[in-house]
Amino acid sequence: AQSVSQHNHHVILSEAASLELGCNYSYGGTVNLFWYVQYPGQHLQLLLKYFSGDPLVKGIKGFEAEFIKSKFSFNLRKPSVQWSDTAEYFCAVRSGGSYIPTFGRGTSLIVHP
Amino acid sequence: DTEVTQTPKHLVMGMTNKKSLKCEQHMGHRAMYWYKQKAKKPPELMFVYSYEKLSINESVPSRFSPECPNSSLLNLHLHALQPEDSALYLCASSQVSGSGTGELFFGEGSRLTVL
């Protein structure tokens, strides 16, 4: 079964700092990769996704992620965070022909103004 | 705003009550999901309907009973819940096959409190 690891459980940054959140998965075949964000009191929404093609994908609000197949990774990055980026971030992976994604445990990001 | 609509947004119920959560989507998605989410935790899959048929039940207690009346609607019937069932219940939808984008679209959730 697929497993998804998010090693950074809690991240605290100051505004303008750079961000990188790790995501690793276990399945070695074809995968679809997602990052979801959940702002305080709001629903889960898609930040970005990778299906095929360019392994560097750009999402909303200045986020990007890079798929590195050899490392089974899909890390999320943002060069300069803002206070409004404070949220929970979830990596999800869909694999093995299933349409149902597996979620990582999430990373709680707090950005201090 | 999300294209998946859930009602009610908040629900408080006693352990002997019967209530229902409702979810609606009009994106033509043929897979619909119920998730349970505790604070600062990932969503836990409960049920999946594919083409209006229950395809996955993640060993959910029988006090939760899903129903998919048609391709746009998904209900979760609640009966004799326990306080530990208090959580945010999320509905989601997606396309079923590998064609298309395949991501989940989530509703805003129904926050359930069991007294």
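The model shown is predicted, which means the values in this text are computed figures rather than measured ones. Within every chain, numbering begins at 1; the chains are lettered A, B, ... in the order of the sequence lines, protein sequences first and strands thereafter.
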Check your understanding: For B/Arg111, what residues pass the side chain to side chain donor-acceptor pair (under 3.5 Å) criterion, not counting sequence neighbours?
Key -> none
Study note, to complete from the structure: Shortest non-hydrogen pair, B/Trp34 vs B/Leu74, comes out as NE1-CG, 3.2 Å
Point to revise | Exam field: side chain B/Ser110 to backbone B/Leu21, donor-acceptor pair closer than 3.5 Å | key: no
Below 4.5 Å from any heavy atom of chain B, which atoms of [X] appear? Answer side chain, backbone, both or neither.
{"X": "A/Gln38", "result": "side chain"}
{"X": "A/Gln42", "result": "neither"}
{"X": "A/Leu46", "result": "side chain"}

Check your understanding: Given the options B/Pro43, B/Ala31, B/Ser94, which has more heavy-atom pairs under 4.5 Å with chain A than any of the others?
Key -> B/Pro43
Revision key, fill the gap. Scored by heavy-atom pairs under 4.5 Å with chain A, the best of B/Ser50, B/Pro42, B/Gly109 is B/Pro42
Check your understanding: Side-chain contact, heavy-atom cut-off 4.5 Å: B/Cys23 with B/Val4?
Key -> yes
Revision key, fill the gap. Turns out that what part of B/Gln6 lies under 4.5 Å from chain A's heavy atoms comes down to neither
Exercise for review: Counting only heavy atoms closer than 4.5 Å, note whether B/Leu88 contacts chain A via side chain, backbone, both or neither.
Suggested key: side chain
Review point. Any chance CE of B/Met27 has more than 12 other-residue heavy atoms, nucleotides or ligands included, within less than 6.0 Å?
Key: yes
Check your understanding: Crowded around B/Lys38 NZ? As in, over 12 foreign heavy atoms under 6.0 Å?
Key -> yes
